[in-house]
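When a residue number appears, it is its place in the shown sequence, counting from 1.
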Amino acid sequence: MHLALVTAADVDPAATDDRLLQAALAERGHGTEWLAWDDPRARWGEYDCVLLRSCWGYHREPEKFRAWVERCARQGVPLVNPPSMVTHNMHKHYLLELAAAGNRVPPLQFLRRGEEVDLVATLGVLGGDDAVIKPAVSGTAWHTWRVRDRGVPASQAEVQRLLLERDMLVQRYEPGVTEQGEWSLVYLGGFYSHAVLKQPKPGDFRSQGNFGGSVHELEAPPALRNAAGKALALLGKGAAYARVDMIDDSGGPLLIEVELIEPVLFFATRPAAAQDLAAHLEWRIAAQSQRSAQA
């Protein structure tokens with residue numbers, strides 16, 4: 001089979017964990033090609049599978065990215081994860097769905113594009129002035145800051161500026177991010193694969209590697225796996241890959257994000273997982289071919 005691995009124009013895929021997935025597919029006799037999601041020369045319909053991977057930066061052009069995903073859906077492009085799942089997962093409004101279904105989520109408030117905001121009042125609803133602010137469509141800690149570090153007046157001005165162009169999210173800061181670290185549980189083909197514990201560098205709250213965070217492979221506690229499975233049953237049924245980020249605090253698992261678009265899957269910490277995803281993609285493509293033959 002021939003797969004397109006979707007990246008971004010400013011990403012070097014060879015420098016990512018997905019090089020292990022590409023190697024696993026090659027070992028199984030499959031051809032792959034890296035293509036930026038917005039490459040006008042790409043003919044997506046010619047591939048057996050179009051797998052979203054390092055398409056980082058889509059959050060800077062969310063409407064253009066959404067239009068591309070929806071065009072793939074109309075044209076029958078075999079996009080993975082499925083287009084409807086991807087577009088739903090773009091906006092962090094899904095966190096409210098998780099909370100409404102009984103999942104523990106840090107208290108949050110959405111601020112809609114174009115509205116005038118009283119940040120002091122918003123923080124009061126959340127129970128204090130220590131909160132994280134970020135775009136509702138975001139990634140890699142883009143335009144993300146902690147109010148305690150920047151101060152309320154400066155944060156008020158910045159969030160009002162950003163609201164001219166996008167929805168924003170204000171979420172109560174959870175000390176567990178720095179005290180215990182943030183867990184990432186990886187699921188492949190609907191099954192738990194492996195987990196890592198991400199820890200920010202001293203003095204920071206961002207766990208991403210480009211901000212100095214570290215990653216440690218550890219076995220996820222059963223309570224975290226149960227909570228992640230519940231979240232995926234609501235949002236990620238049928239996902240080829242998923243990553244659930246959470247904190248294990250004194251009250252139990254606390255969901256931070258469910259990532260179904262372009263999460264790092266930490267193949268470097270568990271190289272066999274790349275083979276697992278390759279095998280699932282083989283099964284998925286074969287099943288789709290059989291359904292098409294029967295139609």
Side-chain angles (χ1 to χ4, degrees), residues 1-8 11-37 39 42-56 58 65 68-73 75-90 184-196 228-229 232-233 235-244 258-295:
M1 61 186 184
H2 193 202
L3 298 89
L5 304 178
V6 184
T7 185
V11 173
D12 176 10
T16 73
D17 279 6
D18 289 318
R19 68 187 184 279
L20 300 176
L21 175 60
Q22 186 177 34
L25 289 164
E27 287 174 18
R28 304 171 82 93
H30 307 304
T32 57
E33 185 175 357
W34 287 104
L35 291 168
W37 66 269
D39 187 338
R43 298 186 177 184
W44 303 107
E46 296 181 356
Y47 296 93
D48 298 303
C49 177
V50 175
L51 184 70
L52 291 169
R53 288 312 310 130
S54 51
C55 51
W56 305 324
Y58 78 84
F65 182 75
W68 173 73
V69 173
E70 292 175 345
R71 188 161 59 250
C72 285
Q75 296 174 355
V77 172
L79 189 68
V80 177
N81 280 323
S84 59
M85 186 180 294
V86 169
T87 55
H88 183 263
N89 194 236
M90 286 176 62
S184 286
L185 281 67
V186 176
Y187 287 74
L188 302 175
F191 296 96
Y192 170 75
S193 173
H194 58 284
V196 300
L232 289 177
L235 298 179
K237 187 174 292 185
Y241 58 85
R243 199 183 85 200
V244 183
V258 175
E259 301 222 27
L260 300 168
I261 303 176
E262 32 66 277
V264 173
L265 297 174
F266 300 106
F267 291 133
T269 65
R270 185 74 64 87
Q275 291 284 351
D276 293 339
L277 182 53
H280 174 73
L281 293 171
E282 287 178 333
W283 172 86
R284 198 179 190 98
I285 293 168
Q288 179 59 47
S289 297
Q290 186 175 17
R291 286 193 295 270
S292 299
Q294 294 172 346

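- Remark: W283 CH2 to Q288 CD distance equals 10.0 Å, nearest 0.5 Å.
- Residue L232 holds its CG atom at 12.5 Å from OH of Y192, rounded to the nearest 0.5 Å.
- Within the 4.5 Å cutoff, the side chain of L21 has heavy atoms near those of the L51 side chain.
- Annotation: the span from S184 atom OG to E259 atom CD amounts to 7.5 Å, rounded to 0.5 Å.
- Taking each heavy atom of I261 and L52 in turn, the nearest pair found is O-CB, 3.6 Å.
- Between L277 and A240, the closest heavy-atom pair is CD1-O, 3.7 Å.
- Between G236 and L260, the shortest heavy-atom distance links the atoms CA-CD1, 4.1 Å.
- When the options V6, V11, D39, T7 are evaluated for a side-chain contact (heavy atoms from CB on, under 4.5 Å) with W34, the one that passes is T7.
- Within the 4.5 Å cutoff, no side-chain heavy atoms of R71 are placed close to those of W44.
- You'll find the side chain of H280 stays beyond 4.5 Å of the side chain of F191, heavy atoms only.
- One finds the CD atom of E262 at 5.0 Å from the SG atom of C55 (value rounded to the nearest 0.5 Å).
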- Item | Worked check of side-chain contact (heavy atoms from CB on, under 4.5 Å) between V80 and Y241 | CA-CA 9 Å; V80 177; Y241 58 85; 4.2 Å; yes
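- Classification of the W37-W68 ring pair by plane angle, with boundaries at 30° and 60°, yields tilted.
- Shortest non-hydrogen contact noted between R28 and A278 is CD-CB, 3.6 Å.
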For residues 264-273, tabulate all N or O donor-acceptor pairs below 3.5 Å that involve a side-chain atom, not counting sequence neighbours.
unit_1: T269; atom_1: OG1; unit_2: F266; atom_2: O; d: 2.8
unit_1: R270; atom_1: NE; unit_2: E217; atom_2: OE2; d: 2.6
unit_1: R270; atom_1: NH1; unit_2: S193; atom_2: O; d: 3.4
unit_1: R270; atom_1: NH2; unit_2: E217; atom_2: OE2; d: 2.6

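- Under the salt bridge (charged side-chain N to carboxylate O under 4.0 Å, His left out) criterion, R53 pairs with D18, sequence neighbours left out.
- Here L188 contributes atom CG and Q275 contributes atom CD; the two are 12.0 Å apart, rounded to the nearest 0.5 Å.
- Contact detail for A42 and L35: the closest heavy-atom pair is CB-CD1, 4.0 Å.
- Of the possible polar contacts, one joining the D48 side chain to the H2 backbone as a donor-acceptor pair under 3.5 Å is found.
- Although no hydrogens or angles enter the test, the distance criterion places no donor-acceptor pair under 3.5 Å between the side chain of W56 and the main chain of A8.
- Rounding to the nearest 0.5 Å gives a distance of 10.0 Å between OG of S84 and CG of L79.
- Taking each heavy atom of K237 and M85 in turn, the nearest pair found is O-CE, 3.3 Å.
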